[in-house]
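A quick note: this is a predicted structure, and the numbers were derived from the prediction, not measured. Numbers restart at 1 for each chain; the letters A, B, ... are given by sequence-line order, proteins then strands.
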Protein chains: 2
Amino acid sequence: MVRGRLADIKPAAVAEEPGAGVVERLFLAAEALVAEHGFEAVSSRDITARAGANLAAINYYFGSKNLLMFAIFKARAAELNRDRAALLRQAVARDPGDARGILRALIEPPTLWVSDERKMALRFLNRARGEGPREIREVIETDVRHLRRFADALATALPHFPREDIMWRLHFALGVLHHNSAADYARLALLSEGLCTPDDREALLQRLLVFIAAGFGV
Amino acid sequence: MVRGRLADIKPAAVAEEPGAGVVERLFLAAEALVAEHGFEAVSSRDITARAGANLAAINYYFGSKNLLMFAIFKARAAELNRDRAALLRQAVARDPGDARGILRALIEPPTLWVSDERKMALRFLNRARGEGPREIREVIETDVRHLRRFADALATALPHFPREDIMWRLHFALGVLHHNSAADYARLALLSEGLCTPDDREALLQRLLVFIAAGFGV
DNA sequence: AATTACGTCAAACATTTGTTTTAATCGATT
DNA sequence: AATCGATTAAAACAAATGTTTGACGTAATT
């Protein structure tokens, strides 16, 4: 009786082919369902039905429903952080004093993730922040290593800023970025009478960069 | 057999005295519990236990648990909107071209709501945005009348801005404001190594105003 | 005093949830 | 071919959920 083989799972190896393994299908089904309907609205039965798997599959392969969610979160958060870290490295290597480049490294990945799978990943991560299981939210709250890289880079680029200022503004900038769910865009589209849509991602990236960089005075 | 007396309820009349009526106690208990633990973590039994009421009281007085949540949401959202609208009126009457004053009207109420009851109300509203029942989220998405007042005022104050720009920046500004849960502050405190805490509300208001006004170029 | 409406209470209801169990099935290796 | 481990399948499980019921008491009204 083998159970809870979480250690064996390679979360990055997620294929989209319909004939993919059960583990991948569960991963993608859970991610898409949560992205669309939220954590609480998605049951184990919904996930296994969409994945074409048996109800027991989640517990067999992941140990529990929450561990499945945690695996998805870890995989997607790692992808996002990796993209951001790479851009941050490039920006700092190019010019350590270019605060705008550093901010762009923070903004660009979530803004330009536009493939279907990536969109789902982003919406999953966005939801996880507020609705996700306690284990996930704790990681988000307590693991600040990724953000500290940006804080340090910004402190170097803006030596005249007190560190407290850097932190607060970084906090505000993250607020802008997290406020990017489909629901938020729906309200914006309604408010602007269809004038503002998130379709043109390059334009959105520019708007975000201009707004946030202005907040940093650069 | 009388049931679902929602129409009779005056949500604004919320007293804090321990001897208050069952309706008020249910209202405050549900609000506080949701503020602290989130919508999904709070059951009807939790609420009635905290309110010192019978399990059936929620359905008797409000018709259902969701209608109770909706009543709380309506009451608190109305309070917040009323405060903001009053400040907006004053700001525009003082100087229709003062964009910063308009933005302050948007920022000040949620930032200076510091009494225990008000803090609970804010955390409830913040949670409602993402985790709340569908009915609440639909109202948030579709009822943009309140925001449109600010958009119009900003458009008047900043005539050289294309309306699209106003809308996007207002959208970004709301992102900053919504990003104000206890969890977010916990992460900020950790990230800044205790440097940044939301205790000094006047200072926080100033920081928010500076950041957002800069985003509007004013 | 009788009646009526209102409020409270404990109990039960029907669902749905995540998880576990037990058996059957498949596939490769011996 | 036989065996053994890994996977799938169906069923059952216990716990928790929101809601409803019907009885009981009480206070006001007729």
Visitor: Answer yes or no: is there a donor N or O on one side and an acceptor on the other, between the side chain of A:N81 and the main chain of A:A78, under 3.5 Å?
Guide: no
Visitor: Whole angstroms only, please: what is the CE-P distance between A:M69 and C:dT19?
Guide: 10 Å
Visitor: Could you state the atom-to-atom distance from NZ of B:K65 to P of D:dT20 in whole Å?
Guide: 14 Å
Visitor: Return no unless some side-chain N or O of B:S44 is found under 4.0 Å from OP1 or OP2 of D:dT17.
Guide: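 The answer is no; no side-chain N or O of B:S44 sits under 4.0 Å from OP1 or OP2.
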Visitor: Can we say A:R163 and A:D152 salt-bridge, meaning some charged N sits less than 4.0 Å from an Asp/Glu carboxylate O?
Guide: yes
Visitor: Which whole-number value in Å describes the distance from A:L67 CG to C:dT20 P?
Guide: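 Roughly 11 Å, once rounded to whole Å.
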Visitor: Using a 4.0 Å heavy-atom cut-off, does A:A56 contact any base of the nucleic acid, only the sugar-phosphate backbone, or nothing at all?
Guide: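 Base contact.
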Visitor: Side chain of A:Y61, heavy atoms from C-beta onward: which of D:dT19, C:dT8, D:dT8 has the nearest atom to it?
Guide: D:dT8
Visitor: With a cut-off of less than 4.0 Å, is there a side-chain N or O of B:N54 near OP1 or OP2 of C:dT8?
Guide: no
Visitor: How long is the span from the CG atom in A:L67 to the NZ atom in A:K74, to the nearest 0.5 Å?
Guide: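 So the gap between those two atoms works out to 8.5 Å.
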Visitor: B:I58 CD1 to C:dT8 P: how many Å, rounded?
Guide: 13 Å
Visitor: Has B:S64 got a side-chain N or O lying under 4.0 Å from the OP1 or OP2 atom of D:dG18?
Guide: no
Visitor: Can you measure A:L26 atom CG to D:dT7 atom P for me and round it to whole angstrom units?
Guide: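 About 13 Å, once rounded to whole Å.
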Visitor: So what does B:L55 hit on the nucleic acid, given a heavy-atom distance under 4.0 Å: a base, only sugar-phosphate, or nothing?
Guide: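 It contacts base atoms.
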Visitor: Would you mind reading off the distance between B:R45 atom CZ and D:dA16 atom P, rounded to a whole angstrom?
Guide: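 So the two atoms are 10 Å apart, to the nearest Å.
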Visitor: May I ask you to decide whether B:R137 forms a salt bridge with B:E141, counting only side-chain N to carboxylate O separations under 4.0 Å?
Guide: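 Not counted as a salt bridge, because no side-chain N and carboxylate O are separated by less than 4.0 Å.
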Visitor: When rounded to the nearest 0.5 angstrom, what distance separates CG in B:L68 from CD1 in B:I47?
Guide: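 Going from CG on B:L68 over to CD1 on B:I47, the span is 5.5 Å.
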Visitor: Considering only C:dT17, D:dT17, C:dT19, which nucleotide approaches the side chain of A:S43 most closely?
Guide: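 When the side chain of A:S43 is considered, C:dT17 is the closest of C:dT17, D:dT17, C:dT19.
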Visitor: Kindly say if A:Y60 contacts the phosphate of D:dT7, meaning a side-chain N or O under 4.0 Å from OP1 or OP2.
Guide: yes
Visitor: May I have the distance from A:N59 (atom CG) to C:dT19 (atom P), rounded to whole angstrom?
Guide: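 For the pair A:N59 CG and C:dT19 P, the rounded distance is 5 Å.
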Visitor: Could you state the atom-to-atom distance from CD1 of A:I47 to P of C:dT19 in whole Å?
Guide: 10 Å
